[in-house]
Student: 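Have a look at the structure that comes next, please.
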Amino acid sequence: MTEKSYAEQDLQAVVSQYLAIRERVENACVRAGRRVEEVTLVGVTKTVEAPLINAALDAGLTAIGENRVQEYLSKKDDLHLDGVARYLIGHLQTNKVRAVVGEVDMIQSVDSLRLAAAIDRVSAEKGIITPVLVEVNIGDEVSKDGISADNAQELLCQMADFSHISVQGLMTIPPISDTEAKKRYYFSKMHQLFIDIQSKKIDNISMNVLSMGMSDDFEEAIAEGSTMVRVGTAIFGRRFYPV
Ligand SMILES: *Cc1c(COP(=O)(O)O)cnc(C)c1O
């Protein structure tokens, strides 16, 4: 990828935004009576160029999330990724599975048996086990990816048979809500589903990661039990084209 050069003040802006969000994440943990280590802050780096991402990584960001396989592959060599967790968080088409398996530490957006089977098959060929999350469409929105809450458990039971994927938990993007009460409603519903599935103790399925909360709602998500927040805009600034 051709690198645009950035003014020192642009890099500094990302660093101070990252540090401010990290502090808000920690404060939200404290308010919720939770340990700060319980919640991972993932910097969502879609559309963001390498110098800005590296500014946040050099300042201590430990995990990044990308939406598109090709975009991630084209910029990864320019990133300071030593010891950094890399997550695919966007919708994944079956024909992109081969390109991404082995390139990221977790695929957070598995929402069908067909996709899970493809990840399992390619992982087996590559001799690895791929950690995944199941994406739940908690608001049952037609416009969104993700399996419905009602069907999540059945999908998990089917996925338990795959030996080259390792389910770690759940991910969601809830409906956009304008009040704190509405935001918390969906996060709380999601947390309940997470706890319910955890209590079923399905063989080969771990329920340790609950990935929910973005720039506008990560504090509410932490209050309702999120273990991983995915923050883009609030760290890297407004994106100039949608993903
Ligand atoms: C873009 C994106 C985010 C981050 O959204 P912001 O509002 O910019 O924080 C989080 N999760 C997913 C799946 C995304 O696509």
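In what follows, every heavy atom counts, from backbone to side chain, and hydrogens, waters and symmetry copies are set aside. Counting starts at 1 for both ligands and their atoms, in listed order.
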Student: What atoms in ligand 1 come closer than 4.0 Å to a heavy atom of T233?
Tutor: 6 (P), 7 (O), 8 (O), 9 (O)
Student: State the atoms of ligand 1, each with its element, that fall below the 4.0 Å cut-off from a heavy-atom position in V231.
Tutor: 9 (O)
Student: Q108 near ligand 1, heavy-atom distance under 4.0 Å?
Tutor: no
Student: Which of the atoms in ligand 1, numbered in the order shown and given with their element, are less than 4.0 Å from a heavy-atom of G232?
Tutor: 4 (C), 6 (P), 8 (O), 9 (O)
Student: Relative to atom 14 (C) of ligand 1, which among R230, M214, K46 owns the nearest non-hydrogen atom?
Tutor: K46
Student: Heavy-atom distances under 4.0 Å are what count here, so tell me which part of V44 touches ligand 1: side chain, backbone, both or neither.
Tutor: side chain
Student: Short list, please: which atoms of ligand 1 are under 4.0 Å from a heavy atom of N67?
Tutor: 14 (C), 15 (O)
Student: Report yes if some heavy atom in the side chain of L57 is under 4.5 Å from a heavy atom in the side chain of I64; otherwise report no.
Tutor: yes
Student: If the cut-off is 4.0 Å to any non-hydrogen atom of I173, which atoms of ligand 1 fall inside it?
Tutor: 13 (C)
Student: Heavy atoms only: give me the nearest L133-S211 pair and the separation to one decimal.
Tutor: CD1-CB, 3.7 Å
Student: Taking salt bridge (charged side-chain N to carboxylate O under 4.0 Å, His left out) as the test, write out the residues that go with R22, two or more places apart.
Tutor: none
Student: Taking salt bridge (charged side-chain N to carboxylate O under 4.0 Å, His left out) as the criterion, tell me which of K46, K75, R86, K76 meets it with E66.
Tutor: K75
Student: Could you walk me through whether T227 and E38 pass the side chain to side chain donor-acceptor pair (under 3.5 Å) check?
Tutor: CA-CA 6 Å; T227 72; E38 284 176 46; over 6 Å; no
Student: Compile the donor-acceptor pairs under 3.5 Å between side chains in residues 154-172 and protein atoms, sequence neighbours left out, one pair per line.
Tutor:
unit_1 : atom_1 : unit_2 : atom_2 : d
S166   : OG     : Q168   : NE2    : 2.6
T172   : OG1    : V136   : O      : 2.6

